[in-house]
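Scroll down for the structure; my scribbles are underneath it.
The first residue of the sequence shown is numbered 1, and numbering continues consecutively from there.
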Amino acid sequence: FFSSRRRHTRCLSDWSSDVCSSDPVLYCAREPFFLKKMLRTVSVFAALATSSAWDPFNMAPTPPMGWANWNQFGCNYNDSLIRQVADSMVSTGMAAAGYKTIIIQECITKAGHRDAQGRPMPDPEKFPHGMADLVSYIHSKGLLAGIYTDVGPQTCAGYEGSFNHEEIDALTYAQWGLDFIEEDACHKPANYSYEQLYTRMHNAILNAHEKTGHKMMFYMCVWGSDNVYEWGPNVGTLWRTTGDICPPGKASWGRMVGNFMGDTKFPNATQIGAWQDPDMLVVGMDGLTPTEWKTHFSMWAMAAAPLWSAVDIRNVSQQVLDIYTNKEVVAIDQDPLGKMTLSANNTAFPGTTPGSVYYKPCSTGVAVLLVNFGASTATITFDGVSKLFAPGTTIVSRDLWKHTSGSIENDKIEAQLESHDSLMLLLSAKKE
C-alpha cells in the first residue's frame with residue numbers, strides 16, 4: 001500500500017467520525033444545548049497560549065508551509081534543482097503566500113560517509129558546493145531550509161541515518177544553518193521505542209542550540225506509530241500520522257483520502273506548536289483530477305496540516321498555483337486557534353450525510369467542508385448548523401473557493417456535488 005520508502009503500514013479501518021472536541025469561544029454559551037461529550041474535552045481559552053507542546057523556539061505557531069522533493073522526485077534531484085525550486089517559490093508567489101521552508105529529503109549522505117569527527121558528508125556529486133552553501137542560497141531568497149535523516153543507522157533509501165550520531169548530526173545541521181530537521185522511522189534499532197529514538201534527536205537539537213544559538217524545528221516522520229498522538233506534542237514540532245501519500249509522481253484519490261482520515265483520528269492531539277501531518281500536498285500531480293486537487297487542499301486546510309507542496313513547482317499551471325495560493329483557504333489552515341477538523345456525525349447533527357461533513361472552529365467563525373466521496377453525483381447535507389453558534393445567532397456564509405457570500409436557510413447546508421467534489425464555507429455570526 002505504501003511506497004518502498006516506507007516499510008510500515010497503518011490500519012485505518014478503525015477510524016471513527018465520532019470523535020469530538022469543542023472550543024470555548026464557540027460553545028461556552030451552549031452547555032444546555034450542545035453535546036455533553038464535547039464539553040468534557042473543552043479547555044479554557046487562555047490555555048491555548050500556554051500549550052504543553054514542544055516548540056521551545058516558537059517557530060511554528062501555525063502549521064509550517066513549504067516544499068519538499070520526495071513525492072515528486074524521489075532521489076532524482078541535486079543542488080541545481082533545489083536552487084531552481086527556491087527561485088520558483090519566489091517567482092510564482094508561493095513564498096509570499098506563506099510557503100517558506102524547503103525540505104531536502106532523502107539520498108543526502110551515502111551510508112558510512114562521515115569525516116574523522118563523525119560529521120555527515122553529503123554526496124559531493126549531488127551537492128558539489130556543500131550543504132552550507134546551498135542553505136545560504138535558500139536563505140538568500142528569504143526562505144528556510146530543512147534536511148532529512150532517520151532514527152536508524154540508515155534511511156529508508158539506504159543512505160546514512162542518525163542512530164548513535166544524533167548529537168553530532170544536530171550540531172552539524174545547526175552549523176550549516178539549517179532551520180528544520182525531518183527524521184524518518186526506517187531501520188528502527190531493536191529494543192527502542194520510537195518515543196525513545198525521537199527523544200534522542202529532540203535532546204540533540206536542544207544541545208545544538210545551546211552550543212550555537214541556532215534554532216531548528218523538528219519533524220518526526222513516525223507514520224502514526226507507537227501512539228505518537230500521546231507523546232508527540234512533547235517531543236517534536238510536528239509528526240507524521242500516516243504512511244506516504246504516494247510513491248514519487250504517482251498520486252491517487254484513495255490513498256490521499258486514507259491519509260486524511262488517518263490524520264484526523266485524534267483531533268485533540270493537535271496543539272499550537274505541535275502539528276499532525278498527513279504528508280505532502282500532491283495538488284498538481286498526475287493521478288488526481290483538478291476537482292480532486294481542490295478537495296485535497298481543502299481537507300488539509302481543515303486538518304490544520306502542514307502545507308508542503310510536493311510537485312515540481314518550476315513547471316506548474318496557473319490553475320495549480322491558484323489552489324496553493326487561495327488566501328481564504330490558506331487562512332483556515334493557518335488560523336491562530338490551531339484547531340483540527342471534527343466530523344459532523346449523526347448523533348450530534350441528525351439529518352447530516354454520514355461521513356461527508358467536517359467542521360473546524362476558527363477565530364473568525366466555523367469552517368465547514370462537505371465532500372462527496374462517492375463515484376457519482378450526490379446531495380450532501382449538513383443539518384443543524386445553528387448548533388455551532390449561540391441561540392438566536394444569524395449565520396452568514398462565505399464560499400472560500402468561489403469567494404462569494406450568502407446566508408443559511410432552514411438551518412442546513414445542502415449541496416449537489418459531483419464525484420469527489422466539495423464545498424468549503426466559512427460560517428460566522430452576522431454583524432449587526
Quick one: side chain to side chain donor-acceptor pair (under 3.5 Å) partners of Ser80, sequence neighbours excluded?
Gln84
For Asp312, all residues meeting salt bridge (charged side-chain N to carboxylate O under 4.0 Å, His left out), sequence neighbours excluded
Arg314
Set of side-chain contact (heavy atoms from CB on, under 4.5 Å) partners for Thr62, sequence neighbours left out:
Gln334
Residues 105-137 vs ring-ring contact (aromatic ring centres under 6.0 Å, His included), sequence neighbours excluded, gives none
Applying side-chain contact (heavy atoms from CB on, under 4.5 Å), can you list everything that pairs with Asn207, at least two apart in sequence or on another chain?
Glu167, Glu210
Just by distance, with hydrogens left out, do Ser162 and Asp169 show a side-chain donor and acceptor under 3.5 Å apart?
yes
Tell me whether the rings of Phe349 and Tyr359 are parallel (<30°), tilted (30 to 60°) or perpendicular (>60°).
perpendicular
Quick test of your reading: applying disulfide (SG to SG under 2.5 Å), list the pairs with at least one residue in residues 73-103, sequence neighbours left out, ordered by first then second residue.
Cys75-Cys107
With sequence neighbours excluded, tell me which residues meet side-chain contact (heavy atoms from CB on, under 4.5 Å) with Asp150.
Tyr148, Thr155, Cys156, Asp184, Cys186
When you compare the side chains of Glu160 and Gln154, does any donor N or O come within less than 3.5 Å of an acceptor on the partner?
no
I'd like to know if the side chain of Trp275 and the backbone of Pro61 have a donor-acceptor N/O pair within less than 3.5 Å.
no
Trp308 side-chain N/O to Thr101 backbone N/O, donor-acceptor pair under 3.5 Å:
no
Taking side-chain contact (heavy atoms from CB on, under 4.5 Å) as the test, write out the residues that go with Pro290, two or more places apart.
Trp293, Gln319
Could you label the plane-to-plane angle of the Phe260 and Trp300 rings as parallel, tilted or perpendicular, counting under 30° as parallel and over 60° as perpendicular?
parallel
Is the centre of the His420 ring less than 6.0 Å from the centre of the Phe373 ring?
no
Answer yes or no: is there an ion pair linking Lys250 with Asp286, defined by an N-O contact shorter than 4.0 Å?
no
Taken in chain and number order and not counting sequence neighbours, the residues that satisfy side chain to side chain donor-acceptor pair (under 3.5 Å) with Asp179 are His139
Determine which pairs satisfy ring-ring contact (aromatic ring centres under 6.0 Å, His included) with at least one residue from residues 79-98, sequence neighbours left out, and list them in order.
none
Glu183: what forms a side chain to side chain donor-acceptor pair (under 3.5 Å) with it, not counting sequence neighbours?
none
Taking NZ, NE, NH1 and NH2 as the nitrogens, is one of them in Glu328 or Arg398 under 4.0 Å from a carboxylate oxygen of the other?
yes
Residues Asp133 and Arg83 bridged, charged N to O under 4.0 Å
yes
Checking side-chain polar atoms at under 3.5 Å, does Ser363 have a donor or acceptor matched by the opposite partner on Asp335?
yes
With sequence neighbours left out, what residues match Asp277 under side chain to side chain donor-acceptor pair (under 3.5 Å)?
Tyr219
